Trainee: 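I'd like to ask you about the structure that follows.
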Amino acid sequence: MAEYNLKNMRKEFKEKGIFYTPEELALYLKSLFPNPQAIKEIYDPTCGSGNLLRVFDDDVAKYGQDINAEQLEEAKKRLKNFYGETGDTLQNPQFMDKKFDFIVANYPFSVKWEPLAEDERFQAAPAIPTAGKADYAFILHILYYLSEKGIAVTLNFPGILYRGNKEGTIRKWIIENNWIEKIIHIKGNTFVDTKIATCVIVFNKAKENQEILFVDGEKQKSISLKEIAENNYNLSVSTYIEKEDTREKIDIVKLNAEIEENVARQNVLRTEIDKIIAEIEGSNCF
């Protein structure tokens, strides 16, 4: 009989296209909202069994959609004040008549999708995301659902920060609209079931300053949109925050002094050796 422990269950979920979000990650994403206790309504476009929504209070109205019917039914059992719909978020979006002040998302990374010929969610964008990677399709969906004062906290694959072609065109458009407030590098193994490095993007439709805050651990730096444009709209955190140099630091002055001391010692030794050799050769003359 197979051992149905938590690890095996998560492996089976992933094989079936079900993505598990650990509670510690859900709590971390919640903490990135400016005042999470004041949230009265929130939306998750790929809610699964509701792990991201579950960390919000019972009186918060929770909206979610998921392609997996079994997971959506599980969310309905687990969550209070939940309004859930089954279906492909990109192909058959629900709640199209609503705008949300708060959105949280951990959508599946770089999955294939079929772009629709006409879709109001993507009409304002300068390009339609490539069929091979749906990351920016999910992002555009989120931005469409976000109100004019809305904030969205999303977990993403780092490649979306620097990949070019259509993704680069869309990224430039989002930056120029000044909708990105913060980008956080999340190193691999920070959370259970997040072995690879990821990144959190905080979108803010009502942002006033012309900067993006980049965060890597304890280091953070605000970068102007002008400088980002000069970097070809690259949003990779490592472009703006230098990685800590863990190599041994060498004191050049001290090293040069030690070299000089060693050279002087060798010179003395050579002189002494030459003197001994001369004495030996002198004694052999008799």
Side-chain angles (χ1 to χ4, degrees), residues 21 26 29-48 50-67 72 75-76 79-108 113 115-129 134-156 160 170-183 200-210 212 225:
T21 302
L29 297 181
K30 176 184 176 182
S31 74
L32 295 175
F33 289 101
N35 187 9
Q37 302 307 319
I39 294 175
K40 298 302 180 185
E41 186 176 82
I42 192 162
Y43 167 63
D44 181 351
T46 54
C47 67
N51 278 19
L52 284 183
L53 296 174
R54 193 180 186 187
V55 297
F56 292 89
D57 295 339
D58 289 345
D59 62 346
V60 176
K62 306 170 186 71
Y63 292 80
Q65 180 173 349
D66 199 83
I67 195 170
L72 203 283
K76 289 180 178 179
L79 302 175
K80 293 184 179 181
N81 208 2
F82 177 62
Y83 306 89
E85 296 289 345
T86 303
D88 187 326
T89 300
L90 297 181
Q91 297 294 322
N92 185 25
Q94 302 299 305
F95 313 113
M96 285 285 284
D97 58 337
K98 286 187 66 65
K99 295 290 182 181
F100 295 92
D101 291 339
F102 302 100
I103 296 176
V104 64
N106 177 15
Y107 60 83
W113 75 298
L116 303 177
E118 294 184 5
D119 194 314
E120 60 184 284
R121 294 171 296 169
F122 310 134
Q123 285 181 354
I128 300 297
D135 303 78
Y136 271 98
F138 282 112
I139 289 173
L140 291 177
H141 171 92
I142 289 166
L143 290 172
Y144 178 83
Y145 274 66
L146 203 60
S147 72
E148 291 305 310
K149 62 177 182 178
I151 296 174
V153 177
T154 68
L155 189 72
N156 312 267
I160 70 164
I170 298 170
R171 183 173 62 250
K172 175 184 176 182
W173 176 73
I174 293 173
I175 294 169
E176 290 179 339
N177 274 284
N178 197 25
W179 289 335
I180 299 176
E181 181 176 284
K182 184 184 302 184
I183 299 176
V200 172
I201 300 180
V202 178
F203 296 97
N204 186 348
K205 281 280 192 78
K207 196 181 94 178
E208 295 180 354
N209 64 50
Q210 298 289 312
I212 295 176
L225 299 188

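Bear in mind the structure is a predicted one, so any value in this text is a computation, not a measurement. Residue numbers count from 1 along this sequence.
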Trainee: Among all residues two or more places apart in sequence or in another chain, which pass the side chain to side chain contact (heavy atoms under 4.5 Å, CB included) test with Asn156?
Mentor: Tyr107, Ile139, Thr154, Ile160, Cys199, Ile201
Trainee: Do Phe138 and Pro129 have side-chain heavy atoms sitting under 4.5 Å apart?
Mentor: no
Trainee: Where is the tightest heavy-atom contact between Tyr145 and Pro93, given as atom of each residue plus distance?
Mentor: OH-CB, 3.5 Å
Trainee: Hey, are the side chains of Val60 and Asn81 touching, using non-hydrogen atoms and a 4.5 Å cut-off?
Mentor: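 No, too far: nothing below the 4.5 Å cut-off.
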Trainee: Could you grab the distance from atom CD of Gln91 to atom CD1 of Ile67, nearest 0.5 Å is fine?
Mentor: 8.5 Å
Trainee: Using every non-hydrogen atom in the two residues, find where Thr46 and Pro108 come nearest and quote the distance to one decimal.
Mentor: CG2-CD, 4.1 Å
Trainee: Less than 3.5 Å apart, any donor N or O on the side chain of Lys207 or Asn178 sitting next to an acceptor on the other?
Mentor: yes
Trainee: Tabulate below the donor-acceptor pairs under 3.5 Å that side-chain atoms of residues 118-128 make, not counting sequence neighbours, or state none.
Mentor:
from	atom 1	to	atom 2	distance (Å)
Asp119	OD1	Arg121	N	2.9
Asp119	OD1	Arg121	NE	3.0
Asp119	OD2	Arg121	NE	3.3
Asp119	OD2	Arg121	NH2	2.6
Glu120	OE1	Tyr144	OH	2.3
Arg121	NH1	Thr89	O	3.0
Arg121	NH1	His141	ND1	2.9
Arg121	NH2	Leu90	O	2.5

Trainee: Just verifying a value: how many Å separate Gln94 CD and Met96 CE, rounded to the nearest 0.5 Å?
Mentor: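 So the gap between those two atoms works out to 9.5 Å.
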Trainee: Among Val202, Ile212, Val153, find the residue that satisfies the side chain to side chain contact (heavy atoms under 4.5 Å, CB included) test when tested with Lys182.
Mentor: Val202
Trainee: Please lay out, stage by stage, how Tyr43 and Phe102 fare under the test ring pair (Phe, Tyr, Trp, His ring centres under 6.0 Å).
Mentor: CA-CA 7 Å; Tyr43 167 63; Phe102 302 100; over 10 Å; no
Trainee: Got a donor-acceptor contact below 3.5 angstrom from the Gln65 side chain to the Asn92 backbone?
Mentor: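 Present.
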Trainee: Within the side chain of Lys62, is there an N or O that forms a donor-acceptor pair under 3.5 Å with the backbone of Lys80?
Mentor: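 Yes.
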Trainee: Taking all non-hydrogen atoms of both residues, which atom of Gly64 and which atom of Phe95 are closest, and how far apart?
Mentor: O-CE1, 3.6 Å
Trainee: Could you state the interatomic distance from CG (Asn177) to NZ (Lys205), rounded to the nearest 0.5 Å?
Mentor: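 Answer rounded to 0.5 Å: 8.5 Å.
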Trainee: Look up atom CG in Asp66 and atom CG in Leu72, then write down how far apart they are to the nearest 0.5 Å.
Mentor: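 Here the interatomic distance stands at 6.0 Å.
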Trainee: What closest approach, in Å, do Gly48 and Ala75 show between heavy atoms, and which atom pair accounts for it?
Mentor: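 Closest pair (atom of Gly48, atom of Ala75, distance): O-CB, 3.7 Å.
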Trainee: Hey, could you give me the CD1/CD distance between Ile175 and Gln210, rounded to the nearest 0.5 Å?
Mentor: 12.0 Å
Trainee: According to salt bridge (Lys or Arg N to Asp or Glu O under 4.0 Å), does anything in residues 31-47 pair up with another residue at least two apart or in another chain? List the pairs.
Mentor: Glu41-Lys98
Trainee: Would you say Ile174 and Tyr136 make side-chain contact, with heavy atoms under 4.5 Å?
Mentor: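 Yes. Closest side-chain heavy atoms under 4.5 Å.
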Trainee: Show the numbers, then the answer: is there a side chain to side chain contact (heavy atoms under 4.5 Å, CB included) between Lys149 and Asp101?
Mentor: CA-CA 6 Å; Lys149 62 177 182 178; Asp101 291 339; 3.4 Å; yes
Trainee: Measure the shortest side-chain to side-chain distance between Phe56 and Lys30 over non-hydrogen atoms and say whether it is less than 4.5 angstrom.
Mentor: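 With C-beta onward as the side chain, the pair touches.
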Trainee: Counting neighbours of NZ on Lys76 that are heavy atoms of other residues, nucleotides or ligands and sit closer than 6.0 Å, is the number greater than 12?
Mentor: yes
Trainee: Of all the heavy-atom pairs spanning Pro45 and Ile103, show the shortest one and how long it is.
Mentor: CD-CG2, 4.1 Å
Trainee: How long is the gap from CZ on Phe100 to CD1 on Ile151, to the nearest 0.5 Å?
Mentor: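 That separation rounds to 15.5 Å.
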